[in-house]
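The structure presented is a predicted model; accordingly, all values stated were derived computationally and were not measured. Index from 1, following the sequence.
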Amino acid sequence: MKRREVLGRAALALTGVALAGCATPRPAAVAGSPGTVVLPALRLPPSALGPARHALSQRLSVYRLDRPDAKPQQVEVQLQLDAEGLLLAGFAFSQRVLLMQWDGRSLQVQRSPYLPAEVDTDRMLRDLCLVFWPAEAVRVSLPPGWTWTDTATGTGRDPVWELREAEVPRLSVRRPDARTVEIVNPSEGYRLVIESQPLEAP
C-alpha cells in the first residue's frame, strides 16, 4: 500500500473522534434555529489547573449514537497538561496527524493534510476543559443559562457531571474507574471512551 493511501486511512480513523473535535457529522444548521443545540465553547486558562500535572498516553474510542451496532473508531493520543499549557498529539497508524498547543492566549494547531475538515479543535479543547479543569473554573466560564453540575452529589455514587442548558442535560462526563472517562454527547451525536495511562518518560 502506498504511503499516501496509508495516511489517508489514518486520517479517516480520526473522523469520528469526539474529544479530538470529531462528532458525527450534523446537518448544517444556523445557531439558534429551531431544534438545534450549540454547546458553549470553552477556552479555560491553564493557570486555573493550579498544581495539577498530566502526562498521559490515551486511547480514544468513539461510538456514533445513531449507529449503536457499528464498531468504534479509535485513535492514540499523547497529552501533556499543566499550569503552563496544553500539548496534544494525535496519531493513527503510527503517523502524527494532529498537534495542538494551548497556552491560555492562543490555540495553535498543526494538521496533516489528510486530516478531515470535520476534526474541530475548538470542540476538542472544550471537551478537554470539561474533563481536566476544576469544576468552578468551568462554571464561571459558561454563558448565562448553562450549568455544570455533579448529579451524584449526596448520593454516595461516583460523580456524573452534566453540562445543562436551562436544566436540560446536553452532555455528561463520568469516570467508571481511575483510568477511564466516558463522555456522552447526544447534542453532537457521540459517546467517547478515554482510556489513559501515564506517559513514559523518554
Give every residue pair that meets the side chain to side chain donor-acceptor pair (under 3.5 Å) criterion with at least one member in residues 81-94, sequence neighbours excluded.
R53-D82
Check side-chain contact (heavy atoms from CB on, under 4.5 Å) between P40 and all other residues, then give those that pass, not counting sequence neighbours.
L142, P143, W146, L163
Which ILVMFWY residues can you reach from L99 by hopping between side chains whose heavy atoms are under 4.5 Å apart?
L87
Any donor-acceptor pair under 3.5 Å linking the side-chain atoms of E162 with those of T151?
no
If you compare all heavy atoms of L44 against all heavy atoms of S141, which two are closest, and at what distance to 0.1 Å?
CD2-OG, 2.9 Å
Just checking, any donor-acceptor pair under 3.5 angstrom between side chains of Q74 and S61?
yes
Identify all side-chain donor-acceptor contacts of residues 103-110 below 3.5 Å with residues at least two apart in sequence or on another chain.
{"from": "D103", "atom 1": "OD1", "to": "R105", "atom 2": "N", "distance (Å)": "2.8"}
{"from": "D103", "atom 1": "OD1", "to": "S106", "atom 2": "N", "distance (Å)": "2.9"}
{"from": "D103", "atom 1": "OD2", "to": "R105", "atom 2": "NH2", "distance (Å)": "3.2"}
{"from": "Q110", "atom 1": "OE1", "to": "R96", "atom 2": "NH2", "distance (Å)": "3.2"}

Short side-chain to backbone donor-acceptor contact, S187 and R170, under 3.5 Å:
yes
Keeping R175 on the side-chain end and V131 on the backbone end, is there a donor-acceptor pair under 3.5 Å?
yes
Who pairs with R59 by side chain to side chain donor-acceptor pair (under 3.5 Å), at least two apart in sequence or on another chain?
E76
For Q197, give me all partners under side chain to side chain donor-acceptor pair (under 3.5 Å), at least two apart in sequence or on another chain.
none
Give me the atom names and distance for the closest heavy-atom approach of W148 to L130.
CZ2-O, 3.6 Å
